[in-house]
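We name chains A, B, ... by the order of the sequence lines, and we start the count at 1 in each one.
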There are 2 protein chains.
Amino acid sequence: MPFSAKTEYGLVALIELAGQFQSGGVMQVGEIASRQGIPDRYLEQMLTSLRRGGILRSIRGPKGGYQLMRPPAEILVSEVVQVLEGEPQLRDGGTRETPEFQVLHALAGDLQTARLALLEATSLEQLIERRDALLQAQAMYFI
Amino acid sequence: MPFSAKTEYGLVALIELAGQFQSGGVMQVGEIASRQGIPDRYLEQMLTSLRRGGILRSIRGPKGGYQLMRPPAEILVSEVVQVLEGEPQLRDGGTRETPEFQVLHALAGDLQTARLALLEATSLEQLIERRDALLQAQAMYFI
DNA sequence: CGGTTCCCGATCGATGTAGTTGGGAATACC
DNA sequence: GGTATTCCCAACTACATCGATCGGGAACCG
């Protein structure tokens, strides 16, 4: 499972917010959490990270909530993952550098590169497009 | 870091064994472990998994050790990873199926597919080729 | 028979993950 | 101005996983 719960919850919340971006686009933690069926106090932490990471801004008090800082097209999944997952904090790296390990680390690098490429190629805007396409397709079954 | 220690150690051991495959190719746990600087009793567990997974066979008693079951060209990294990592045991999957989550699961699927493609495209034979190329390149610096 | 090697399973400490909880600070509204 | 609402900050917990260690048993060779 490539995404942790943290990342998944954060991205889901961002997709919701991105869907509302045209029309002001402010939503509250509790609102998002109940729509998605996830613990609100936990989601709050993700939204805090995203705010600190410059992806969201927050409004306090009644009628407050969260809002995207930028249009959905300018927010890449790679950035979100990076903010929520934090630095991968590489392990020792230096010891155990037999040629066999080096070859594997090169392969591991290729894997990370491929992953990053996909995540950088995906914006929130694309995710809402896919969501809407999916809803459209599912509506077909009811005709 | 895409590979766990388990996977990394197992693969390193297999690369060593693959390098010896022509000439009988039997090596002992302690031998591999000390060459690679990893705990032998721990590596033993990985080799046991690989034997149970049909990738290695073992020979007991003095002059025993481990041996590849098949030529290195027929052992893919994907298979090794699968054996060492085990089934990813998917979480609930069914609850929390809002369209937003579905879109993310699709993206997660794409990531796994990309990863798998790279791992399936890499055999032990290719890894020993890369290791030897790397040794060759490093030898250049000493001229 | 005796040493060598693999075999099997339990255990352990550290770390991370998912989630809960207890308050505090800003803001809107009456 | 008071009060309810919302975000803000931080500590804490339960649990699983990971990397590793350990004790002892079974096969095999000479």
*Asks:* How long is the span from the CD atom in B/Gln36 to the CD atom in A/Glu97, to the nearest 0.5 Å?
*Replies:*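 Spacing of CD (B/Gln36) from CD (A/Glu97) equals 10.5 Å.
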*Asks:* On DNA chain C, does the nearest nucleotide to B/Arg51 precede the nearest nucleotide to B/Gln28 from the 5' side, or the other way round? Give the residue.
*Replies:*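 With B/Arg51 and B/Gln28 compared, the 5'-side residue is B/Gln28.
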*Asks:* May I ask you to list the residues of residues 37-48 of chain B, by number, that have any heavy atom positioned under 4.0 Å from an atom of DNA chain C?
*Replies:*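 Heavy-atom cutoff 4.0 Å gives B/Arg41, B/Glu44.
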*Asks:* Out of C/dC7, D/dC7, D/dC29, which nucleotide sits closest to the side chain of B/Ser58?
*Replies:*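 Between C/dC7, D/dC7, D/dC29, the one nearest the side chain of B/Ser58 would be C/dC7.
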*Asks:* For A/Glu125 and A/Glu74, indicate whether the former's side chain and the latter's backbone hold a donor-acceptor pair under 3.5 Å.
*Replies:*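 No; judged by distance alone, with no hydrogens or angles, the pair does not exist.
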*Asks:* From CZ of A/Arg60 over to P of D/dC9, roughly how many Å is that when rounded to an integer?
*Replies:*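 So the CZ-P distance, A/Arg60 to D/dC9, works out to 7 Å.
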*Asks:* Report yes if at least one side-chain N or O of A/Tyr9 is closer than 4.0 Å to OP1 or OP2 of C/dG19; otherwise report no.
*Replies:*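 So the side-chain polar atoms of A/Tyr9 do come within 4.0 Å of the phosphate oxygens OP1 or OP2 of C/dG19, strictly under.
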*Asks:* Assuming nearest nucleotide by heavy-atom distance, tell me which of A/Arg52 and A/Lys63 is located more 5' along DNA chain D.
*Replies:*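 Closer to the 5' end of DNA chain D: A/Lys63.
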*Asks:* Bend angle of the helix from C/dC1-D/dG30 to C/dC30-D/dG1 from five-pair axes at both ends, rounded to 10°?
*Replies:*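 Taking the rotation axis at each end, their angle is 10°.
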*Asks:* Please step through side chain to side chain donor-acceptor pair (under 3.5 Å) for the pair A/Thr7 and A/Glu85, ending with a clear verdict.
*Replies:* CA-CA 7 Å; A/Thr7 304; A/Glu85 225 96 294; 2.3 Å; yes
*Asks:* Could you grab the distance from atom CG of B/Leu116 to atom CD of B/Gln82, nearest 0.5 Å is fine?
*Replies:*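 Between atom CG of B/Leu116 and atom CD of B/Gln82 there are 9.0 Å.
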*Asks:* Looking at A/Glu79 and A/Arg70, does any basic side-chain N land under 4.0 Å from a carboxylate oxygen?
*Replies:*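 Yes, charged N to carboxylate O under 4.0 Å.
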*Asks:* Roughly, in whole Å, what's the span from CD in A/Glu31 to C1' in D/dT5?
*Replies:*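 Value for this atom pair: 14 Å.
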*Asks:* Between the side chain of B/Gln136 and the main-chain N/O of B/Ala133, is any donor-acceptor distance below 3.5 Å?
*Replies:*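 Such a contact is absent between B/Gln136 side chain and B/Ala133 backbone.
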*Asks:* For the backbone of B/Gln28 and the side chain of B/Glu31, can you confirm whether one donor and one acceptor N or O come within less than 3.5 Å of each other?
*Replies:*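 Yes, the answer is positive, given that a donor and an acceptor are paired below the 3.5 Å cut-off.
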*Asks:* May I have the distance from B/Phe3 (atom CZ) to D/dC18 (atom P), rounded to whole angstrom?
*Replies:*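 Rounding to the nearest Å, CZ of B/Phe3 and P of D/dC18 are 15 Å apart.
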*Asks:* How far does CG of B/Leu84 sit from CG of B/Leu11, to the nearest 0.5 angstrom?
*Replies:*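 Nearest 0.5 Å value for the CG-CG distance: 6.5 Å.
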*Asks:* Working to the nearest 0.5 angstrom, can you tell me the gap between B/Leu124 CG and B/Leu14 CG?
*Replies:*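 Result: 5.5 Å between the selected atoms.
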*Asks:* Check every strand shown and say whether B/Gly65 touches a base, only sugar-phosphate, or nothing at a heavy-atom separation below 4.0 Å.
*Replies:*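 B/Gly65: backbone/sugar contact only, no base atoms under 4.0 Å.
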*Asks:* Heavy atoms under 4.0 Å, any strand shown: does B/Arg57 hit a base, just sugar-phosphate, or nothing?
*Replies:*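 Answer is nothing: B/Arg57 stays at 4.0 Å or more from every strand.
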*Asks:* Tell me: CD1 of A/Ile59 to P of D/dC8, nearest whole Å?
*Replies:*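 It is 10 Å, rounded to the nearest whole Å.
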